[in-house]
Amino acid sequence: MALIEPEDFRLEKLQELRRLGIDPYGGRFPDTVPLQELVEGFQENEGRTVRAAGRIANLRAMGKASFLDIKDRTGRIQLFFQLDRIGEESFHVHQQLEPGDIVGVEGELTKTRTGEITIFVVTFEVLAKALLSPPEKWHGLRDQEIRYRRRYVDLFTNDEVKALFLKRADIIRAIREFLHARGYVEVETPMMQLIPGGAAARPFATHHNALDTDLYLRIATELHLKRLLVGGMEKVFEIGRVFRNEGISTQHNPEYTLLELYEAYGDYRTMMDLTEGLIAHLARDVCGSLALPFGEAQIDFSPPWPRKGFWELIEEHVGIRRGDAKAIRAKAEQIGLEGALTQDPDWLALHVLDKCVEDRLVGPVFIVDYPKSVCPLARAKPDDPELAERFELIVAGMELANAYTELNDPQEQEVRFRMQVGHEDERERIDRDFLRALACGMPPAGGIGIGIDRLVMALTDRASIREVILFPLLKPQEEPDEKGPTPQ
RNA sequence: GCCCCCUUAGCUCAGUUAGGCAGAGCAACGGAUUCUUAAUCCGUGAGUCCGGGGUUCGAUUCCCCGAGGGGGUACCA
């Protein structure tokens with residue numbers, strides 16, 4: 001049995017095309033003009049013979065003539081098929097076309113009586129026969145599950161969805177250009193690692209057969225990018241996927257795109273300036289305004305952004321003063337934090353901030369100077385050594401970025417790794433080669449990680465991370481077919 | 001993990017108030033129509049009412065269990 005079941009009426013048209021000796025899955029169709037250009041450049045091209053290709057979005061048959069709208073990546077144009085113009089045979093072929101099919105046409109670019117820019121088709125080819133019907137033309141595809149599972153349908157049906165992913169691509173390209181213009185070098189570091197480090201998250205495990213070695217998908221790029229600082233690549237960045245084996249929510253996808261960058265001889269202030277500059281540039285020049293809507297709120301990305309102390313915010317929102325371990329424990333217990341009585345108070349404070357403060361902040365706001373014990377990779381503040389030079393950037397209640405003045409003292413780093421607090425399974429295994437790299441001398445540096453998916457959410461007013469990831473992870477719905485991957 | 005909500009035709013959705021032959025629009029099919037554009041007009045067909053079990057003379061509807069999805073919560077420095 002076939003894995004998909006085509007619709008009968010479409011199969012019949014497919015068979016009719018084949019009977020007529022026409023391959024319903026044509027090949028190369030050169031010399032087409034993007035549809036938007038045809039429409040916008042109509043003045044210069046009126047009356048010319050043009051070639052165009054696209055998917056049939058709508059079809060209005062009038063008996064001996066019909067109008068079809070086709071869409072390509074740039075726009076939409078109307079086609080006019082007329083019996084007298086193309087002859088009976090061709091007209092019969094054209095009657096096998098349906099919404100969803102992909103056609104290439106050649107004809108005269110002109111206007112209809114009603115003034116609509118239209119290609120009066122002379123010849124055409126069927127480039128792909130669709131065996132499944134596209135969604136309904138008025139409402140389109142609304143069902144969120146189908147939108148996520150069959151993103152290809154979502155994309156060709158819902159123009160605003162395609163526009164969003166084009167904007168995501170624009171944002172990422174603009175990030176690269178911004179960084180290249182400032183002398184950063186883009187690199188790629190291993191996704192498969194022996195020790196997943198640089199963050200505290202459960203990793204995905206895999207196995208290399210030839211080496212008979214367990215490997216983990218990376219949870220961050222930090223430790224490798226710092227090795228490159230040691231190697232003399234003084235301004236580096238990587239935009240890549242990281243993988244965290246944690247829950248799924250409107251703000252979490254198990255694989256997500258992270259920008260990490262490091263700049264030698266800088267610190268976390270350097271990173272704040274850079275972040276403000278970068279994101280303000282993206283808002284203004286890619287998204288059109290420094291003030292962007294997010295749900296009911298309005299986010300103003302005009303720099304400079306407020307910088308608020310970690311303890312300052314806790315005092316302001318929760319009323320607990322720095323160092324009041326008892327009050328922190330009480331609050332942690334009140335909000336039901338696991339380990340409220342046993343965990344390190346700084347670790348609890350971090351979670352209290354996460355629960356009680358962050359989602360109230362519209363931002364953008366930098367939360368600065370975290371307790372040192374919860375930042376094992378960050379350098380201590382010289383004038384207040386219980387705090388670390390770390391900030392998080394909050395926008396629309398989301399953690400968008402996390403940055404440090406990087407710790408470059410190898411002995412201190414080893415101690416900090418060993419003292420790391422938190423749950424057992426959150427603790428990093430110690431990456432000895434990373435310590436060895438630090439021991440070779442790493443320049444002082446500022447570094448930052450920016451969650452690209454959440455950044456795109458903030459810039460495009462989307463409440464769910466699934467809206468900005470082309471293929472978000474969902475539970476499998478169908479049985480994998482015989483040749484597909486088999487679950488362990 | 002827990003809580004709430006959703007699942008009816010290819011698509012968008014009604015509906016079964018209170019259990020009694022399953023509904024609309026679009027799409028499809030047949031017909032008319034050589035300038036329409038949400039084309040129009042006439043006609044037709046279309047369903048595992050998410051799955052399984054229970055109650056009942058009878059369940060899409062009520063009850064129980066389950067699946068998928070959405071939202072929330074927990075977890076995720």
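Sequence lines set the chain letters: A, B, ... in the order given, protein chains first and strands last, and positions in each chain run from 1. Computed over heavy atoms, backbone and side chain alike; hydrogens, waters and symmetry mates excluded.
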Quiz prompt | Any donor-acceptor pair under 3.5 Å from A:K129 side chain to A:G100 backbone | solution = no

Quiz item: C1' atom, B:C21 versus B:U60: distance in rounded Å?
Solution: 13 Å

Practice problem: Look at the side chain of A:W347 and the base of B:A77, then say whether one donor and one acceptor between them are separated by less than 3.5 Å. | Solution: no

Quiz item: Can you tell me the Watson-Crick or wobble partner of B:A38, both distances under 3.5 angstrom?
Solution: none

Quiz prompt | A:R142 side-chain proximity, nearest of B:U12, B:C76, B:U36 | solution = B:U12

Quiz item: In residues 9-18 of chain A, which ones come under 4.0 Å of RNA chain B, going by heavy atoms?
Solution: A:F9, A:K13

Quiz prompt | Pairing partner (Watson-Crick or G-U wobble, both distances under 3.5 angstrom) of B:A67 | solution = B:U7

Quiz item: Looking only at atom P, what distance separates B:A18 and B:C11, rounded to whole Å?
Solution: 29 Å

Self-check item: Distance in angstrom units between A:L79 CG and B:U37 P, rounded
Solution: 17 Å

Quiz prompt | Short N-O contact, A:R244 and A:E255, less than 4.0 angstrom | solution = no

Quiz item: Taking only residues two or more places apart in sequence, or in another chain, which ones meet A:D384 in a side-chain hydrogen bond (donor to acceptor under 3.5 Å, both in side chains)?
Solution: A:R322

Exercise. Can you check each nucleotide of nucleotides 2-10 of chain B against protein heavy atoms at under 4.0 Å and return B for base, S for sugar-phosphate only, - for none, in 5' to 3' order?
Key: ---------

Quiz item: Which part of the nucleic acid, if any, lies within reach of A:R390 when heavy atoms closer than 4.0 Å are counted: base, sugar-phosphate only, or nothing?
Solution: sugar-phosphate

Quiz item: Given the P atoms of B:C49 and B:A9, what is the spacing between them in whole Å?
Solution: 9 Å

Exercise. Specify the separation, in whole Å, of atom CD of A:E145 and atom C1' of B:G71.
Key: 15 Å

Quiz item: Taking the six-membered ring for Trp, are A:F124 and A:F81 ring centroids under 6.0 Å apart?
Solution: yes

Practice problem: Would you kindly give the NZ-to-C1' distance between A:K64 and B:U36, to the nearest whole Å? | Solution: 17 Å

Quiz item: Nearest-Å distance, CZ (A:R113) to P (B:U37)?
Solution: 13 Å

Quiz item: Does a donor on one side chain sit under 3.5 Å from an acceptor on the other, for A:N253 and A:R466?
Solution: no

Practice problem: Classify the nucleic acid contact of A:Y370 as base, sugar-phosphate or nothing, counting any heavy atom under 4.0 Å across all strands shown. | Solution: nothing

Quiz item: Across the strands shown, which category fits A:F391 at heavy-atom distances under 4.0 angstrom: base, sugar-phosphate, nothing?
Solution: nothing

Quiz item: So does A:E89 have more than 12 non-hydrogen atoms from other groups sitting under 6.0 Å from CD?
Solution: no

Quiz item: When you measure from every atom of RNA chain B, which of residues 81-111 of chain A have a heavy atom less than 4.0 Å away?
Solution: A:Q82, A:D84

Quiz prompt | Separation of the C1' atoms in B:U33 and B:G25, to the nearest angstrom | solution = 23 Å

Practice problem: Identify whether any heavy atom of A:Y256 sits under 4.0 Å from a base atom; if not, whether one sits that close to sugar-phosphate; answer base, sugar-phosphate or nothing. | Solution: nothing

Quiz item: Ignoring hydrogens and geometry, is there a side-chain-to-backbone donor-acceptor pair from A:E260 to A:T221 under 3.5 Å?
Solution: yes

Quiz item: What is the pairing partner of B:A14, taking Watson-Crick or G-U wobble pairs with both distances under 3.5 Å in any strand?
Solution: none

Quiz item: With a 3.5 Å cut-off and no angle check, do the side chains of A:T118 and A:Q78 form a donor-acceptor pair?
Solution: yes

Quiz item: Quick check, are the ring centers of A:F391 and A:F366 under 6.0 angstrom apart?
Solution: yes

Quiz item: Do the side-chain N and O atoms of A:E238 and A:T189 include a donor-acceptor pair separated by under 3.5 angstrom?
Solution: yes

Quiz item: How is A:D143 classified with respect to the nucleic acid when contacts are heavy atoms under 4.0 Å: base, sugar-phosphate, or nothing?
Solution: sugar-phosphate

Practice problem: May I have the step-by-step check of salt bridge (Lys or Arg N to Asp or Glu O under 4.0 Å) for A:E315 and A:R321, ending in yes or no? | Solution: CA-CA 5 Å; A:E315 184 164 353; A:R321 298 184 70 100; 3.4 Å; yes

Quiz item: Which one, B:G69, B:A77, B:C75, comes nearest to the side chain of A:R149?
Solution: B:G69

Quiz item: Looking only at N and O atoms, is any donor in the side chain of A:E116 or the base of B:U36 less than 3.5 Å from an acceptor on the other one?
Solution: no

Practice problem: Could you tell me whether the side chains of A:Y268 and A:D369 share a donor-acceptor contact shorter than 3.5 Å? | Solution: yes

Quiz item: Counting N and O atoms only, with roles assigned by atom type, does the side chain of A:D214 sit under 3.5 Å from a partner on the main chain of A:L194, one being a donor and the other an acceptor?
Solution: no

Exercise. Would you classify A:T250 as touching base, sugar-phosphate or nothing, given that sugar-phosphate means primed atoms plus P, OP1 and OP2, and contacts are heavy atoms under 4.0 Å?
Key: sugar-phosphate

Quiz prompt | Residue matched to B:A46 through Watson-Crick or wobble contacts both under 3.5 angstrom | solution = none

Practice problem: Just name whichever nucleotide pairs with B:C2, Watson-Crick or G-U, keeping both distances under 3.5 Å, else none. | Solution: B:G72

Quiz item: Which salt bridge (Lys or Arg N to Asp or Glu O under 4.0 Å) pairs, counting each pair once, include a residue from residues 131-143 of chain A, with sequence neighbours left out?
Solution: none

Self-check item: Expected output: side-chain A:R151 to main-chain A:F471 donor-acceptor under 3.5 Å
Solution: no

Quiz item: B:C76 base to A:H252 side chain: any donor-acceptor pair below 3.5 Å?
Solution: yes

Exercise. Could you measure between the two C1' atoms, the one in B:U8 and the one in B:A22, and give it in whole Å?
Key: 9 Å

Quiz item: Using atom P of each nucleotide, how far apart are B:C50 and B:A14 to the nearest Å?
Solution: 14 Å

Exercise. Rounded to whole angstrom, note down the C1' distance from B:U40 over to B:G23.
Key: 24 Å

Exercise. Return the residues of residues 48-58 of chain A meeting this criterion: a heavy atom under 4.0 Å from some atom of RNA chain B. Order them by number, or give none.
Key: A:N58

Quiz item: Within the pair A:R60 and B:U36, is there a side-chain N or O less than 4.0 Å away from OP1 or OP2?
Solution: no

Quiz prompt | B:G45 versus B:C26 - spacing of their C1' atoms, nearest Å | solution = 16 Å

Exercise. Let me know the distance between CD of A:Q144 and P of B:C11, rounded to the nearest Å.
Key: 16 Å

Quiz item: Using a distance-only test with no angle check, is there a side-chain donor-acceptor pair under 3.5 angstrom linking A:R60 and A:S66?
Solution: no

